[in-house]
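Worksheet: the structure to be examined is printed underneath.
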Protein chains: 2
Amino acid sequence: MSKILDTSNCKHCAYRSWAFNKLDQQALEKIDSHKTEVFYEKGEVICTEGEEVNSFLYLRKGLVKLLTTEKNEKEHIISIGKPLDFIGLLSIFSNSNHIYTITAIEDSVVCFVDLEVIKGLMRQNGKFALDFLEKSSRVADDVINTRISINTKQLRGRIAYILLFFANHIYNTSEYELPISRKELAQLIDMSTENVIRILSEFRKDKLIEIEGKLIRILDGQRLQRIYDLG
Amino acid sequence: MSKILDTSNCKHCAYRSWAFNKLDQQALEKIDSHKTEVFYEKGEVICTEGEEVNSFLYLRKGLVKLLTTEKNEKEHIISIGKPLDFIGLLSIFSNSNHIYTITAIEDSVVCFVDLEVIKGLMRQNGKFALDFLEKSSRVADDVINTRISINTKQLRGRIAYILLFFANHIYNTSEYELPISRKELAQLIDMSTENVIRILSEFRKDKLIEIEGKLIRILDGQRLQRIYDLG
DNA sequence: TATCATAACTGATATATATCATAGGGAGCT
DNA sequence: AGCTCCCTATGATATATATCAGTTATGATA
């Protein structure tokens, strides 16, 4: 079950020195007094598509997925959020309701800061606002570029991409526990579950990776990269 | 050929009252004195992938395409920019070099404002910065959502989407001149040129549209919408 | 006007990918 | 223990889409 955490340790939060480095002591204290830190177990929903947005939220620990449900009922995973990511993406500034559902795919800690407080600080402090704009732009660009490069590649290239993504951007190691099922992988890189499984098996037979359930061990990252590059 | 225009008519620019409505007279004059307005003929390149970013740019008249060239040499169109769009997208804030090439697909007028001037105004004026963040967030969201919904649909749905896109979002009429070739349509909605042509022909045979070269006349928008919705 | 290049188009075929069918394995539940 | 559900897995088949080949328009240029 999710539970609200004691927030007395905010002063040493890495996020603070990253995203809030343009704020003075007084502003930081204001944020501290308008925030809540919540622990979520793997699988729990953090916020739901359609819900009113009233917090700015960032991930302190764990891993989350952003997903959307199209009219045709199929779930699509937009992106994976990692610690220090501003997981609501930009939509919380343009939209009064969440356009994505966010779910913990590992035990996670999320900070909720009152959105009006953040906006108020931005209005007062243009440097903070600009700094935030620059940082969040990078996130938005990443999502766009990732979508394009996934969709212009065929299945082997997509699987190569996602394996390297977890190795290089999430876990920083060539051996890791996949945080999501094969079905979710499929939703993330736009392919059928069966083909995700099939191509993982091919890669195993080709000695590119080893698989033990959710455990992935990358044996030949360079060749994987080449498969991705070639499409 | 492109040519620099006289900019004496800035005071009545629609963009100004849209994007710059949080700025005072002095700030507006500063922008005026650091901007250049340039006319581009259809087909001319406005900025190139890799080039250094030193301007904030918005479209006053015409229509442009944003494209990127993947490693595999294929061009992909990211989005179509229309008047009042902030055509550099967010990347100009996160990246010191352009990540897209922008080309006029109709005779166009583009305003270049010194980016440092804009950033300076944002630092001074948090309300302006936040307002801009909210507006540009919407653009980024649109691009992301469009990419996802295109890629989760099959060919007929994609063609239906793009036909309705030009009708509803660009020209606001059910009869219009397509500003791009079939090949460019294909690059925009991720399919082969032949299939773009084929499905346009199917739609013509099905009495959904009429086609005369680049002229499109939508006969049954509701049915097109249904084709899009169903995928 | 003739010529060339490129775009639009169509049919036939190959390929990529999804879907269907089936089965074993593991987790949670009674 | 047995049951049920979902995940993983694999093969066979159907379908969607791209590619290849060839034809007809269209527009630019000399």
Side-chain angles (χ1 to χ4, degrees), chain A residues 41-43 65 70 72-77 103 105 150-163 177-206 209-216 227-228 230-231, chain B residues 1 41-44 65 70 72-77 105 150-163 177-206 209-217 227-228 230-231:
Chain A
E41 273 181 21
K42 175 172 180 154
K65 64 176 178 180
E70 291 271 316
N72 57 14
E73 305 165 9
K74 271 194 186 171
E75 284 186 359
H76 279 274
I77 299 180
T103 305
I105 57 177
I150 283 180
N151 285 306
T152 57
K153 285 179 171 54
Q154 51 197 58
L155 303 192
R156 289 171 60 90
R158 292 184 214 174
I159 293 287
Y161 165 80
I162 206 66
L163 291 172
E177 196 83 10
L178 268 178
I180 54 177
S181 68
R182 314 296 198 250
K183 183 179 172 185
E184 288 170 307
L185 278 178
Q187 291 169 347
L188 179 55
I189 54 180
D190 284 341
M191 49 192 282
S192 70
T193 307
E194 293 94 326
N195 280 333
V196 168
I197 293 168
R198 222 184 301 270
I199 288 165
L200 284 172
S201 295
E202 278 180 37
F203 282 6
R204 179 170 42 71
K205 286 172 197 152
D206 294 347
I209 56 173
E210 283 177 358
I211 312 176
E212 290 165 27
K214 292 247 191 308
L215 182 81
I216 298 288
I227 288 170
Y228 169 68
L230 295 178
Chain B
M1 264 302 281
E41 272 181 22
K42 175 172 182 155
E44 285 189 286
K65 63 175 177 181
E70 290 272 314
N72 57 15
E73 305 166 8
K74 271 194 187 171
E75 284 185 358
H76 278 276
I77 299 179
I105 56 177
I150 283 179
N151 286 307
T152 57
K153 285 177 171 56
Q154 50 196 60
L155 304 192
R156 289 171 61 91
R158 291 185 215 174
I159 293 287
Y161 165 80
I162 206 65
L163 291 172
E177 197 82 10
L178 267 178
I180 54 178
S181 68
R182 312 296 198 250
K183 183 180 173 185
E184 288 170 307
L185 278 179
Q187 292 168 347
L188 178 56
I189 54 180
D190 284 340
M191 49 192 282
S192 70
T193 307
E194 293 94 327
N195 280 334
V196 169
I197 293 167
R198 222 183 299 270
I199 288 166
L200 284 173
S201 294
E202 278 180 38
F203 282 7
R204 180 171 39 72
K205 286 171 198 152
D206 294 348
I209 56 174
E210 284 178 357
I211 312 175
E212 288 165 29
K214 292 245 191 309
L215 182 80
I216 299 288
R217 195 174 301 120
I227 288 170
Y228 169 68
L230 297 178

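Note: hydrogens, waters and symmetry copies are ignored here, and every other heavy atom, side chains too, is used. For clarity, every value in this text was computed on a predicted model and none was experimentally measured. Every chain is numbered from 1 and lettered A, B, ... according to where its sequence line falls, protein lines coming before strand lines.
The CD1 atom of A/Ile159 sits 14 Å away from the C1' atom of D/dT8 (whole-angstrom rounding). The interatomic distance linking A/Leu215 (CG) with D/dT8 (C1') rounds to 15 Å, in whole Å. Computed from coordinates, the A/Ile209 CD1 to D/dT8 C1' distance equals 14 Å when rounded to whole Å.
Rounding to the nearest 0.5 Å places CG of A/Leu185 at 5.5 Å from CG of A/Leu178. We find the CD1-CD1 distance between B/Ile216 and B/Ile162 to be 11.0 Å, quoted to the nearest 0.5 Å.
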- request: Determine, for nucleotides 6-23 of chain C in 5'-to-3' order, which nucleotides have protein heavy atoms under 4.0 Å from the base (write B), from only the sugar-phosphate (write S), or from neither (write -).
  value: --SBBBB----SBBB---

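Counting heavy atoms from C-beta outward, B/Arg217 and B/Glu212 have side chains that approach closer than 4.5 Å. A/His76 places a side-chain heavy atom less than 4.5 Å from the side chain of B/Thr152. In this structure, A/Arg158 and A/Val196 have side chains that are not in contact, with every pair of non-hydrogen atoms separated by 4.5 Å or more.
Across all strands shown, the partner of D/dC5 is C/dG26, judged by Watson-Crick or G-U wobble contacts whose two distances both fall under 3.5 Å.
Summarising the geometry of B/Gly213 relative to B/Arg182, their closest heavy-atom pair is O-NH2, 2.8 Å, with the distance given to 0.1 Å.
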